[in-house]
Amino acid sequence: MSAEGIRSRQFSCLRKILERAGPVCHPDFEPSAEILNFISNDCKVLVIGAGGLGCELLKNLGLMGFRDIHVIDMDTIDLSNLNRQFLFRRKDIGKPKAEVAAEFINKRISGCNVKPHFCKIQDFDEDFYRQFSIVICGLDSIIARRWINAMLVSLLVYEEDILDQTSLIPLIDGGTEGFKGNARIILPGMTACIECTLDLFPPQVTYPLCTIASTPRLPEHCIEYVKLLQWPKENPFECSIDGDDPSHIGWIYEKSLERAACFSIRGVTYRLVQGVVKNIIPAVASTNAVIAATCVTEAFKLASSCCSTLNNYMVFNNVDGVYTYTYEAEKKDDCFVCSPFFRVKYMDLPHDGMKLNEFIEFLSGLQYQMKNPGIVAAFAERNRTLYMSGVPSIEEMTRDNLKKSLKELNIINGTKLIVTDVTRPTPLEIVIRFSEINN
Amino acid sequence: MDSNSPKSPEQSEKTKKYDRQLRLWGDHGQFALETAHVCLINATGLGTEILKSIILPGIGSFTVIDGGKVREDDISVNFFLDENDIGKSKAEAVTRFLLELNPDVHGDFIDESLQRIIENNPSFFNSFNVVVGTALSELEIILLSSKLWELKVPLLICRSYGFIGMARLQIKEHTIVESHPDNQNTSYRLLNPFPELKTYLESFDLDSLELKDLAHVPFVVILYKYLQEYRKLFGRIPKTYKEKETLRDLIRKGMKKDENGLPSAEENFEEAIKAVNYVLTSDEVPKEIVKLLTDDNCVNLTTKSTSFWIMANALKYFVEKEGYLPVRGVLPDMTAETKHYVKLQQIYRSQALRDSESVYRRVQQLLQQLNQSADSISEADVKEFCKFSHDLRIVRSSCISHEYLEKPFNSSYIVSNLDDPDSSMEYYVILRSIERFYSEYKEYPGNLDDHVEPDIVKLKACVSKLLSEIGSNSIIKDDLIHEFCRYGGVELHSVSSFLGGCIAQEVIKLLTHQFIPINNTIIYNAVSSDIVTFCL
């Protein structure tokens with residue numbers, strides 16, 4: 001049978017939706033056989049993550065007519081994945097997720113061509129990402145989300161300050177935690193991006209060091225004590241903690257029990273120790289199914305224009321009944337990532353007496369949530385590296401700058417700084433403005 | 001290293017595999033899943049998606065009922081079929097692929113129609129903990145609903161239709177001890193502390209403490225002190241916003257001043273200020289619980305009463321005597337020195353123990369009166385029941401067939417919802433009408449390309465008839481009826497997958513008696529990406 005024959009047979013259900021007109025369809029929708037053709041042959045989709053969401057995304061895409069699909073995942077399969085990552089079996093433990101998932105889908109859904117990439121998203125450059133029509137993320141890492149978000153923004157082309165729509169690659173992002181989840185669509189440069197809504201990712205709960213060290217009350221405090229203070233001091237296995245090594249977890253469990261006993265604190269369990277050390281987020285098959293389905297429904301709408309898309313954020317929770325809430329996350333005009341490149345990005349600082357390390361703390365704070373920013377000042381005569389933690393030799397050379405004030409580092413109103421960080425593929429150029437100048 | 005005697009419990013393969021979900025429903029929830037048997041009627045795309053998300057977490061066993069053969073159309077929406085299955089038994093084909101998902105799970109299939117099973121073996125469904133039906137006809141819904149209502153087996157019926165999904169729960173009564181609310185209630189009992197707590201709270205003399213020691217006092221001690229002060233000043237407890245603000249001011253004034261005369265921002269004082277509103281109301285018995293304790297099943301125990309209601313009756317007795325629900329015995333974290341916090345925790349925990357012992361004694365008396373065996377309810381059961389007594393829940397739904405056979409008892413609810421133009425009740429009416437359409441014409445409206453226009457007229461007639469039976473004068477827009485005919489009865493995989501995830505979770509809720517199920521109908525609209533709940 002011809003390939004054409006298989007396809008038209010397989011997707012009779014999609015064809016009803018795509019080839020029939022209706023009074024409540026989207027005004028731009030023109031039903032035709034071409035739409036399914038486009039979805040199957042020309043709409044190249046990138047799936048980032050082949051985990052709980054990723055497995056579902058690939059299955060849904062394949063059954064919604066998409067055939068040219070790439071998937072990136074840097075992880076290998078673990079036993080604890082099998083309660084939800086349904087493309088994997090016991091025999092697959094230790095193998096790359098992307099490869100096993102792609103092979104499974106290609107075998108089950110004839111005509112579907114999933115191409116796996118067992119690597120990090122950072123291993124690819126702009127040319128790779130430019131080939132896709134839609135990118136869908138099923139990630140647990142916020143840094144990776146921010147990186148791909150900034151990457152897609154960097155692909156935007158402006159002609160005479162007008163965004164060239166053909167350079168726009170929509171980003172669909174899903175996330176889950178237990179029975180809660182969210183899905184959103186980002187049209188880079190046009191609607192709120194990941195960076196515009198950074199406040200949706202509150203920094204991970206951390207306990208104050210003084211609580212951990214001197215006034216522990218919860219079993220978590222005791223575990224954190226062993227993890228952060230006792231392990232480095234005693235260095236029982238002469239290496240850093242490996243959360244997947246049972247002897248490491250066992251050691252932390254025993255020491256945490258001892259510490260808890262000293263303070264009459266109850267509730268240290270092996271499961272809790274694992275959860276705290278590995279920062280485990282609970283996950284079930286059902287929530288992943290719901291969120292991945294939402295993402296692919298939206299991809300289908302984008303690719304077919306058959307009805308209006310989610311605008312632009314959905315929250316889901318099914319602890320008490322089933323609850324959804326959709327709203328429009330707002331784009332920030334002065335977003336450091338998605339505002340047009342020709343727009344100067346100002347960073348307002350209180351005064352030039354601010355020390356460089358305080359400035360770095362500010363960049364790492366709630367507003368910008370950078371991880372390990374490297375900072376270069378663009379002076380008229382030449383660029384000068386102020387601090388960079390990534391490269392040990394440069395770190396050593398620039399360490400003394402941390403205690404200097406920005407004024408001492410010759411940073412004045414209008415100085416341009418070039419900031420690099422793991423949260424973005426390209427450097428950020430910002431112009432400093434001080435509210436107050438110390439004389 | 002002294003790890004020659006490893007004390008750490010070696011985890012079993014199973015706890016490792018299920019780790020991410022055990023953190024949500026615990027080992028007891030997992031046990032409930034693993035001992036359950038679920039039945040799926042019709043191996044649609046939606047049906048297998050539901051099964052997928054309960055097989056992966058380890059349901060005990062499942063049975064698939066479907067008398068159909070695999071057709072070409074089925075393959076494109078069902079991940080658990082492939083080309084080689086065309087012409088084979090659909091029930092058998094999906095069961096084979098589904099079983100690959102989890103070797104811990106048993107599964108079988110029956111290659112027969114639902115109607116035949118109900119006719120030939122009326123008690124067939126007795127052995128299931130939950131039955132899920134997808135894409136059922138009107139007649140099948142009526143037969144199944146009345147049968148399962150009689151057998152007291154929970155039933156979920158659902159449908160995935162174009163961009164619209166629907167699910168409905170039928171259950172006579174479902175009781176929940178662990179509802180897992182987002183904000184767990186902690187009753188601090190500061191308005192009327194039990195003796196041990198009172199002694200402890202009054203053992204502090206805040207005025208004599210050094211700044212450094214004061215900063216280590218738990219906020220409950222601070223709040224209690226200023227609450228007492230307020231009572232002394234005004235002779236009652238603060239009720240209005242203004243009165244509460246006065247109490248907050250008292251606490252603010254109590255903060256020690258630093259060398260500049262400014263109040264030192266102590267976290268525990270801040271916590272006390274923030275907790276004012278909550279602490280003043282958290283000791284009350286929540287309305288939901290008052291309702292539950294006055295429920296007929298709670299008040300009038302019989303020899304057939306379940307453990308839940310026997311414990312509820314004992315709880316009612318306790319509340320009438322004490323004026324409060326039992327103390328939970330779990331203390332949230334707060335700024336405090338270890339010894340204060342641990343002491344306070346012990347005080348609450350001992351009281352929780354005393355309270356639950358008192359309820360347990362009552363339970364024992366009741367069991368004796370009801371001629372039930374003394375060990376049918378354990379002390380641990382009662383402890384859990386008391387611990388979660390602020391958040392107990394019951395769900396009771398209507399019987400679906402009653403609504404289909406007679407003028408619906410809930411017609412006024414449907415009518416008033418239809419009058420609201422923003423309500424999604426019209427989707428319910430159209431989906432019901434489509435069931436009628438199918439019964440009459442043996443196919444879905446718009447199934448064939450050249451039938452779309454004539455089927456719109458026929459479906460409209462079904463809609464009008466149903467509306468008049470319900471007693472509604474509302475008009476359902478032709479455009480919407482047209483849209484449903486455009487779908488031609490198709491299932492879209494991503495819509496089914498969404499709904500499948502939701503319904504699988506409802507099954508898990510029913511089996512574990514944890515979390516709160518839908519009550520009782522949801523409509524999913526994949527165009528607007530939202531869900532509406534109706535209590536039919």
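These numbers come from the heavy atoms of this one structure, side chains and all, not from hydrogens, waters or symmetry mates. We name chains A, B, ... by the order of the sequence lines, and we start the count at 1 in each one.
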Self-check item: Proximity breakdown for B/L344 and chain A, heavy-atom pairs closer than 4.5 Å
Solution: neither

Quiz item: Given a strict heavy-atom distance threshold of 4.5 Å, which part of B/T335 is in contact with chain A: side chain, backbone, both, or neither?
Solution: backbone

Practice problem: Check each atom of B/V452 against the heavy atoms of chain A and say whether the ones under 4.5 Å are side chain, backbone, both or neither. | Solution: side chain

Quiz prompt | Ring geometry between B/F515 and A/F179 (parallel below 30°, tilted from 30 to 60°, perpendicular above 60°) | solution = perpendicular

Exercise. Under 4.5 Å heavy-atom distance to chain A, tell me which part of B/A167 shows up: side chain, backbone, both or neither.
Key: neither

Quiz item: Does the A/R20 side chain pair with the main chain of B/G446, one donor and one acceptor, at a distance under 3.5 Å?
Solution: yes

Quiz prompt | Spacing of B/Q345 atom CD and A/R266 atom CZ [to the nearest 0.5 Å] | solution = 8.0 Å

Practice problem: May I ask you to test the B/K477-A/P23 pair for a side-chain heavy-atom distance under 4.5 Å? | Solution: no

Quiz item: Can you list the steps and then say if A/T294 with B/S529 is a side chain to side chain contact (heavy atoms under 4.5 Å, CB included)?
Solution: CA-CA 8 Å; A/T294 306; B/S529 198; 3.9 Å; yes

Quiz prompt | Pick from A/H26, A/E19, A/K180 with the largest number of heavy-atom pairs that fall under 4.5 Å of chain B | solution = A/K180

Quiz item: Heavy-atom distance under 4.5 Å between the side chains of A/K278 and B/D19, does that happen here?
Solution: no

Practice problem: Provide the closest heavy-atom pair for B/Q505 versus A/S286 in the form atom of the first, atom of the second, distance. | Solution: OE1-OG, 3.4 Å

Quiz item: Counting only N and O atoms by type, is there a donor-acceptor contact under 3.5 Å from the side chain of A/K301 to the main-chain atoms of B/V527?
Solution: yes

Exercise. Indicate yes or no: at least one non-hydrogen side-chain atom of B/D333 is less than 4.5 angstrom from one of A/T211.
Key: no

Practice problem: Step by step, work out the salt bridge (Lys or Arg N to Asp or Glu O under 4.0 Å) result for A/K16 and B/D73. | Solution: CA-CA 12 Å; A/K16 284 193 179 125; B/D73 282 357; 5.4 Å; no

Quiz item: What's the spacing between B/K17 NZ and A/R90 CZ if we round to 0.5 Å?
Solution: 7.0 Å

Quiz item: Given the options A/V24, A/T309, A/L63, which has more heavy-atom pairs under 4.5 Å with chain B than any of the others?
Solution: A/L63

Quiz prompt | Side chain / backbone / both / neither for B/R71 at chain A, heavy atoms under 4.5 Å | solution = neither

Quiz item: Does A/I265 reach the side chain of B/V342, with side-chain heavy atoms less than 4.5 Å apart?
Solution: yes

Quiz item: Roughly how far, to the nearest 0.5 Å, is the CD1 atom of B/I55 from the CZ atom of A/F86?
Solution: 12.0 Å

Quiz item: Do you know which two heavy atoms are closest between B/H482 and A/G22, and how far apart they sit?
Solution: NE2-CA, 4.3 Å

Quiz item: How many angstroms lie between CG in B/D479 and SG in A/C25, if you round to the nearest 0.5 Å?
Solution: 10.0 Å

Quiz item: Does the side chain of B/K16 come within less than 4.5 Å of A/Q274's, by heavy atoms?
Solution: no

Practice problem: For B/T533 and A/Y323, run side chain to side chain contact (heavy atoms under 4.5 Å, CB included): C-alpha distance rounded to whole Å, both residues' side-chain angles, the deciding distance at 0.1 Å, then the answer. | Solution: CA-CA 9 Å; B/T533 305; A/Y323 167 88; over 6 Å; no

Self-check item: Which atoms of B/K339 approach chain A - backbone, side chain, both or neither, heavy atom under 4.5 Å
Solution: neither

Quiz item: Does some side-chain heavy atom of B/L101 sit less than 4.5 Å from a side-chain heavy atom of A/R89?
Solution: yes

Quiz item: Taking B/Y524, B/F79, B/F97, B/F163 one by one, which has the highest count of heavy-atom pairs under 4.5 Å against chain A?
Solution: B/F79

Quiz prompt | B/D530 vs A/M314 side-chain heavy atoms within contact, under 4.5 Å | solution = no

Practice problem: Would you mind reporting whether A/E56 and B/S497 have side-chain heavy atoms less than 4.5 Å apart? | Solution: yes

Quiz item: So which of B/I54, B/L492, B/I522, B/N102 has the biggest tally of heavy-atom pairs under 4.5 Å with chain A?
Solution: B/L492

Quiz prompt | Worked check of side chain to side chain contact (heavy atoms under 4.5 Å, CB included) between B/L331 and A/R217 | solution = CA-CA 10 Å; B/L331 194 62; A/R217 295 174 297 271; over 6 Å; no

Quiz item: Residues two or more places apart in sequence or in another chain: which of them pass side-chain hydrogen bond (donor to acceptor under 3.5 Å, both in side chains) with B/E337?
Solution: none

Quiz prompt | Flag if over 12 foreign heavy atoms under 6.0 Å of CG, B/D182 | solution = yes

Quiz item: So which of B/H340, B/M334, B/Q346 has the biggest tally of heavy-atom pairs under 4.5 Å with chain A?
Solution: B/M334

Exercise. Identify the heavy atoms of B/V77 and A/C13 that sit nearest to each other, and give their distance.
Key: CG1-SG, 3.7 Å

Practice problem: Give a yes or no on whether B/D82 atom CG has more than 12 heavy-atom contacts from other residues, nucleotides or ligands under 6.0 Å away. | Solution: yes

Quiz item: Roughly how far apart are A/S80 OG and B/Q21 CD, rounded to 0.5 Å?
Solution: 11.0 Å

Exercise. Under 4.5 Å, counting heavy-atom pairs only, tell me which of A/I280, A/L82, A/N60, A/V284 racks up the most with chain B.
Key: A/I280

Practice problem: Return yes if a side-chain donor-acceptor contact under 3.5 Å exists between B/S494 and A/T297, otherwise no. | Solution: yes

Quiz item: Given a strict heavy-atom distance threshold of 4.5 Å, which part of B/N447 is in contact with chain A: side chain, backbone, both, or neither?
Solution: both

Exercise. Find the one option among B/E100, B/Q514, B/R393 whose heavy-atom pairs under 4.5 Å with chain A are most numerous.
Key: B/E100

Practice problem: Could you tell me the separation between the OG1 atom of B/T15 and the CZ atom of A/R271, rounded to the nearest 0.5 Å? | Solution: 6.5 Å

Practice problem: Specify the closest pair of heavy atoms between B/F498 and A/A293, including all atoms of both residues, with the distance to one decimal. | Solution: N-CB, 3.4 Å

Exercise. Using a cut-off of under 4.5 Å on heavy-atom pairs, state which of A/T324, A/V296, A/N83, A/T215 scores highest against chain B.
Key: A/N83

Self-check item: Winner by heavy-atom pair count (cut-off under 4.5 Å) against chain B, out of A/P208, A/A285, A/G321
Solution: A/G321

Quiz item: Quick one: of B/E506, B/H180, B/E491, B/E49, who has the most non-hydrogen atom pairs under 4.5 Å with chain A?
Solution: B/E49

Self-check item: Top of A/V322, A/T326, A/T269 for chain B proximity - count of heavy-atom pairs under 4.5 angstrom
Solution: A/V322

Quiz item: Under the 3.5 angstrom rule, does the side chain of B/R486 hit a backbone N or O of A/A21 as a donor-acceptor pair?
Solution: no

